[in-house]
Amino acid sequence: MSQKLRHEQILHILETRGFVTVRYLTEKLQYSTATVNRDLNTLQNAGLVKRSYGGVEAAKRSHLPAFLQRQFYMKKEKRCIAEAAAALVKEGETVFLSSGTTVQHMAPFLLQKKPSRIITNNMHLAIDLADAAFEVICLGGRITEKPYVLGGDITIEQALHYQPDKMFFSTAAVTNDGLVGGQNVLLRIMMKVSAEVWLLTDRTKRCDRTENVLFDFSSLTGVISDYPFSDELKARYESVRFLELDPTTQASPKKQ
């Protein structure tokens with residue numbers, strides 16, 4: 001694992017869990033204590049984390065909401081995944097796009113497509129698509145994640161008026177045995193009303209377990225990732241399509 005990737009994973013862990021011990025990071029990343037400590041020192045010198053006795057937490061950055069911070073993580077990988085996702089959209093389709101930052105990267109690629117309708121609860125994504133030659137619907141509701149993400153009862157009520165042909169979403173955690181983590185009720189509902197459900201995930205989301213499970217891979221049409229899943233998992237979910245990308249070469253996805 002490269003230093004850059006370890007840094008990305010450490011920042012993602014701190015964002016989702018808050019304070020963690022060095023021991024937790026060494027077990028999670030499967031690297032030595034010395035390596036993890038060097039990474040933490042580098043991140044602390046860059047002002048990204050704050051170390052204390054026995055552990056570490058993300059540095060307080062009140063001027064930059066967590067959603068905006070995530071936009072800077074794994075940009076190349078997210079863009080590669082988003083491009084592959086947009087390529088699946090066909091002319092005349094109704095598509096739901098979740099509020100995730102990976103999904104947000106789909107915007108420039110979708111502008112060249114011809115779906116009939118795009119639905120999202122991400123205000124920034126809706127603005128990026130405003131000049132598109134297709135209908136763009138931004139669901140209403142209250143701001144649940146500053147500054148762009150809408151959610152709550154109103155959002156869900158409006159979303160139920162649609163039955164998308166395809167749904168694309170990303171979330172905080174994807175386990176190695178095929179569980180999708182999170183607490184997003186909107187995703188659970190849209191999964192049930194969408195004809196196809198596509199998960200977009202990069203390796204910083206990869207984990208062994210998650211406390212909050214939305215659903216497992218049996219609910220998915222396919223997964224687009226920048227890392228491979230095990231043959232055992234693919235055999236367990238044989239109806240799921242796995243598109244595995246190599247962002248370093250911009251290679252075409254390996255279809256499984």
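To the nearest 0.5 Å, atoms CZ (Arg203) and CG (Asp226) are separated by 4.5 Å. In this structure, OG on Ser99 lies 13.0 Å from OH on Tyr148, to the nearest 0.5 angstrom. Separating the NZ atom in Lys192 from the CG atom in Leu160 is a distance of 10.5 Å, to the nearest 0.5 Å. In this structure, the separation between CD1 on Ile10 and NZ on Lys28 is 12.5 Å, given to the nearest 0.5 Å. Atom CG of Asp202 sits about 9.5 Å away from atom OG of Ser225, to the nearest 0.5 Å. The CG atom of Leu125 sits 5.0 Å away from the CG atom of Leu129 when rounded to the nearest 0.5 Å.
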Please step through side-chain contact (heavy atoms from CB on, under 4.5 Å) for the pair Val89 and Trp198, ending with a clear verdict.
CA-CA 11 Å; Val89 176; Trp198 288 86; over 6 Å; no
CA sep, side-chain torsions, deciding dist, call: Glu232, Asp177, side-chain contact (heavy atoms from CB on, under 4.5 Å):
CA-CA 9 Å; Glu232 179 183 359; Asp177 58 353; over 6 Å; no
Should Ser218 and Asp216 be marked as a side-chain hydrogen bond (donor to acceptor under 3.5 Å, both in side chains) after you check the CA-CA gap, both sets of side-chain angles, and the distance that decides it?
CA-CA 5 Å; Ser218 65; Asp216 65 26; 2.3 Å; yes
Between Leu88 and Phe168, does a side-chain contact (heavy atoms from CB on, under 4.5 Å) hold up when you go through it step by step?
CA-CA 10 Å; Leu88 297 171; Phe168 296 94; 4.2 Å; yes
Tell me, with the steps shown, if Arg142 and Ile154 meet side-chain contact (heavy atoms from CB on, under 4.5 Å).
CA-CA 8 Å; Arg142 58 186 176 84; Ile154 294 175; over 6 Å; no
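The main-chain N or O of Cys80 is never found under 3.5 Å from a side-chain atom of His105 such that the two would form a donor-acceptor pair. A donor-acceptor contact shorter than 3.5 Å links the side chain of Arg188 to the backbone of Leu214. Not one N or O on the side chain of Ser194 forms a donor-acceptor pair closer than 3.5 Å with the backbone of Asp165. In this structure, Glu244 contributes its side chain and Pro228 its backbone to no donor-acceptor pair below 3.5 Å. No donor-acceptor distance shorter than 3.5 angstrom exists from the side chain of Glu93 to the backbone of Lys166, with no hydrogens or angles considered. Counting only distance, with no hydrogens or angles, the side chain of Thr210 and the backbone of Val213 share no donor-acceptor pair below 3.5 Å. Asn121 places no side-chain N or O within donor-acceptor distance of the main-chain N or O of Val149, the cut-off being under 3.5 Å. The closest donor-acceptor contact from the side chain of Thr171 to the backbone of Gly181 lies under 3.5 Å.
Salt bridge absent: Glu196 and Arg241 never bring a charged side-chain N and a carboxylate O closer than 4.0 Å. Ion pairing between a basic and an acidic side chain is recognised when a charged N comes within 4.0 Å of a carboxylate O; Arg79 and Glu83 show no such pairing.
Inter-residue side-chain proximity for Val103 and Leu97 is flagged as met; some heavy-atom pair is nearer than 4.5 Å. Side chains of Thr204 and Lys78 form no contact here, defined as non-hydrogen atoms less than 4.5 Å apart. Contact annotation: the side chain of Leu43 never approaches that of Arg51 to less than 4.5 Å [non-hydrogen atoms, C-beta and beyond]. At a threshold of 4.5 Å between non-hydrogen side-chain atoms, the residues Asn176 and Ser230 do not count as touching. Put simply, the side chain of Leu25 does not reach to within 4.5 Å of the side chain of Tyr31, judged on heavy atoms. At a threshold of 4.5 Å between non-hydrogen side-chain atoms, the residues Asp131 and Leu111 do not count as touching. For the pair Ile119 and Thr94, the minimum side-chain heavy-atom distance is below 4.5 Å. In this structure, Val95 and Pro164 have side chains that are not in contact, with every pair of non-hydrogen atoms separated by 4.5 Å or more.
Annotation: cation-pi pair Arg117/Tyr162 absent, no NZ/CZ under 6.0 Å from the ring centroid and within 45° of its normal.
When all heavy atoms are compared, the tightest approach of Met191 to Val197 is O-CG2, 3.7 Å. Closest heavy-atom contact between Thr102 and Lys205: OG1-NZ, 4.2 Å. Nearest heavy-atom pair across Leu200 and Ser170 is O-CB, 3.2 Å. Closest approach of Ile156 and Ile189 over heavy atoms only: CG2-CD1, 3.3 Å. In terms of heavy-atom proximity, His12 sits nearest to Ala172 at NE2-O, 2.9 Å. Shortest non-hydrogen contact noted between Ser116 and Gly92 is OG-O, 3.2 Å.
Tracing side-chain contacts under 4.5 Å through hydrophobic residues (I, L, V, M, F, W, Y), one never reaches Ile127 starting from Leu110; they form parts of separate clusters. Residues Ile13 and Leu179 do not share a hydrophobic cluster, defined by chaining ILVMFWY side chains whose heavy atoms lie under 4.5 Å apart. Val49 and Phe19 fall into different hydrophobic clusters, where Ile, Leu, Val, Met, Phe, Trp and Tyr side chains are chained together by heavy-atom contacts under 4.5 Å. There is a path of hydrophobic side-chain contacts, each under 4.5 Å, that joins Leu220 to Val185. Residues Ile137 and Leu186 share a single hydrophobic cluster, defined by chaining ILVMFWY side chains whose heavy atoms lie under 4.5 Å apart.
For Phe169, the ring pair (Phe, Tyr, Trp, His ring centres under 6.0 Å) partners two or more places apart in sequence, or in a different chain, are Phe215. When the ring pair (Phe, Tyr, Trp, His ring centres under 6.0 Å) test is applied to Phe217, the partners found at least two apart in sequence or on another chain are Phe229, Tyr237.
Judged purely by distance below 3.5 Å, without hydrogens or angles, the side chains of Asn122 and Thr120 never pair a donor atom with an acceptor atom.
Within a 6.0 Å sphere centred on CD of Gln44, other residues, nucleotides and ligands contribute more than 12 heavy atoms. Atom CD of Gln163 has 12 or fewer neighbouring heavy atoms from other residues, nucleotides or ligands inside a 6.0 Å radius.
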